[in-house]
Amino acid sequence: MPEGHSIHRVAGALTSIFAREQVQARSPQGRFIAGAQILDGQQAGVAQAWGKHLFLPFRPTSQPGGEGDTDLAKLQAGADTGYPNWLHVHLGLYGSWRFDTDQSHPLPHAIGAPRVRIGEGDERVEDAGSTETWLLPQPRGQVRLRLHTEHAVADLSGPNRCEILDPVQVADTLDKLGPDPIRDHSGDEDRFVTLMRRRSIPIGQAVMDQSICAGPGNIYRAECLFRTRINPNRAAKQVSENRLRTLWRDLVVALREGVRDGKIITVPTELVPAHIAPEDKEARRFAVYHRTGRSCLRCGATVREKNLAGRKLFWCPGCQN
DNA sequence: GATACATGAAAAG
DNA sequence: TTTTCCTGTATCC
């Protein structure tokens with residue numbers, strides 16, 4: 001259940017273990033055999049994330065060329081990256097990446113629904129890729145795609161999307177996405193404001209609309225609207241430009257902290273409870289998310305919950321106006 | 001053993 | 001607006 005910050009961490013992990021390496025690809029589960037066959041034996045480039053979308057570029061080892069620049073903004077503008085095959089993964093609600101490495105690479109933390117590492121405790125097998133000092137762990141559960149070298153393995157389970165795109169298709173995918181606060185390129189804040197002010201849907205819904213803003217999920221939308229005191233039920237176009245700018249900047253801060261920390265902690269320092277009730281452990285991490293019926297850490301009003309477009313929305317009716 | 005649920009999004013109605 | 005897809009875990013019999 002990852003929001004955008006997790007995907008940027010996945011990109012970092014995949015880059016650290018696979019970039020510039022020749023990678024073996026398999027589909028232990030069997031649902032991505034043709035795709036794995038295309039990637040198998042190819043050289044990976046630097047992985048990229050845009051919102052919740054992950055892109056890992058590949059090219060045949062026979063293909064000449066230098067480093068190759070996999071920057072998505074340049075690709076979107078039509079530049080040749082030197083990589084013909086792009087693995088595109090969206091984890092959806094319960095996809096996950098899990099990693100194992102030998103001693104040569106730091107072990108990336110698992111990302112997604114099952115927050116456990118592969119490797120430890122798992123049965124190991126002498127498989128292609130195993131070395132004298134490192135045996136590949138047996139795939140656990142439904143592994144759609146396994147990527148590995150002699151030093152590291154990444155297992156992908158339960159993705160919403162897992163496909164191979166050519167550069168034009170990658171650009172088409174990016175065209176449908178709004179600006180990503182983690183990337184925060186110049187002009188992104190203006191674009192965010194423009195897109196928001198065109199919409200009559202509640203801003204609580206708009207923040208999660210990936211064509212307006214790519215990256216925030218249910219937690220960041222609740223927490224950042226709380227932090228900026230915006231009522232999520234208000235129509236997006238009805239929120240002042242100033243407050244929209246404040247919201248964008250808060251999303252930039254919150255999501256980037258998420259990338260840095262590897263977890264979502266959004267309670268402002270001054271609101272962190274000195275001591276917390278046993279039944280309210282979440283209060284240290286979240287101000288409103290999953291705090292229905294509890295007292296607002298800022299104003300004391302009772303935090304509310306309701307269903308909005310199929311997802312649970314949490315907010316404080318006291319201080320979000 | 002059901003069953004509900006999850007930090008998502010697209011398709012179907 | 002509802003259904004569907006993808007998987008694993010928690011919780012309830």
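All values derive from a computational prediction rather than experimental measurement. Just so we're on the same page: letters track the sequence lines, and every chain starts at 1.
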Closest to side chain of A:R31, choosing from C:dG8, C:dC5, B:dT7 =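 For the A:R31 side chain, the nearest candidate turns out to be C:dC5.
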Looking at B:dA9, B:dT7, C:dT7, which one has an atom nearest to any side-chain atom of A:E3?
->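 Minimum distance to the A:E3 side chain belongs to B:dT7.
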A:S157 side-chain proximity, nearest of B:dT7, B:dG8, C:dT7 =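 The nucleotide sitting nearest to the side chain is C:dT7.
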Take atom P in C:dC13 and the same atom in B:dC5, then report the distance between them in whole Å.
->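 These two P atoms come out 14 Å apart once rounded.
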What do the steps show when you test A:H5 against A:Y220 for ring pair (Phe, Tyr, Trp, His ring centres under 6.0 Å), and what is the final call?
-> CA-CA 10 Å; A:H5 69 299; A:Y220 282 117; 5.3 Å; yes
Ionic contact status for A:D190 with A:R245, cut-off 4.0 Å =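 Result for this pair is yes, salt bridge flagged.
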What nucleotide, of C:dT7, B:dT7, B:dA9, holds the atom closest to the side chain of A:K52?
->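 From the listed options, B:dA9 comes nearest.
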For the side chain of A:H90, starting at C-beta, report the closest nucleotide among C:dT7, B:dG8, B:dT7.
->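 Side chain of A:H90 sits closest to B:dG8.
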A:G141 near the nucleic acid: base, sugar-phosphate alone, or nothing, with a heavy-atom cut-off under 4.0 Å?
->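 If one applies the 4.0 Å heavy-atom cut-off, A:G141 turns out to touch the sugar-phosphate alone, with no base involved.
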For nucleotides B:dT7 and C:dT11, find the distance between their P atoms and express it as a whole number of Å.
->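 So the two P atoms sit 15 Å from each other.
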Residue A:K312, side-chain heavy atoms: nucleotide from B:dT7, C:dT7, B:dA6 that is nearest |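 The answer is B:dA6, which lies nearest to the side chain.
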Which value, in whole Å, describes the distance between the P atoms of nucleotides C:dT4 and B:dA4?
->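 Those two atoms are separated by 15 Å.
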Between A:Y289 and B:dT7, is there a side-chain N or O to OP1/OP2 distance below 4.0 Å?
->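 Yes, because at least one side-chain N or O of A:Y289 sits under 4.0 Å from OP1 or OP2 of B:dT7.
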Sugar-phosphate, base or nothing in reach of A:R161, heavy atoms under 4.0 Å |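 The residue A:R161 makes sugar-phosphate contact but no base contact.
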Could you work out the separation of B:dG13 and C:dC5 based on their P atoms and round it to a whole Å?
->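 The answer is 12 Å between these two P atoms.
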Could you give the CD-to-P distance, from A:Q142 to C:dC5, as a whole number of Å?
->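 So the CD-P distance, A:Q142 to C:dC5, works out to 15 Å.
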Decide if the gap between the ring center of A:H105 and the ring center of A:F99 is smaller than 6.0 angstrom.
->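 No, the ring of A:H105 stays outside the 6.0 Å limit from the ring of A:F99, centre to centre.
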Should the pair A:F286 and A:Y289 be assigned to parallel (<30°), tilted (30 to 60°) or perpendicular (>60°) ring geometry?
->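 Judged by the thresholds at 30° and 60°, the geometry between A:F286 and A:Y289 is perpendicular.
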Using atom CG of A:N307 as one end and atom C1' of B:dG8 as the other, report the distance to the nearest whole Å.
->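 It is 14 Å, rounded to the nearest whole Å.
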d(CG, A:N160; C1', C:dT7) in whole Å |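 Taking CG of A:N160 and C1' of C:dT7, I get 12 Å after rounding.
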Value in whole Å for how far the C1' atom of C:dT7 lies from CG of A:L156 =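 That distance rounds to 11 Å.
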Could you grab the distance from atom CZ of A:R221 to atom CD1 of A:I203, nearest 0.5 Å is fine?
->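 With rounding to 0.5 Å, CZ (A:R221) is 11.5 Å from CD1 (A:I203).
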Interatomic distance where CG belongs to A:L255 and P belongs to B:dT7 [whole Å] |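 Result: 16 Å.
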Please determine if a side-chain N or O atom of A:R311 lies less than 4.0 Å away from the OP1 or OP2 oxygen of B:dA9.
->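 So the side-chain polar atoms of A:R311 never come under 4.0 Å of the phosphate oxygens OP1 or OP2 of B:dA9.
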Can you check the A:E163 CD to B:dA10 P distance for me, whole Å?
->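 After rounding, the reported distance stands at 11 Å.
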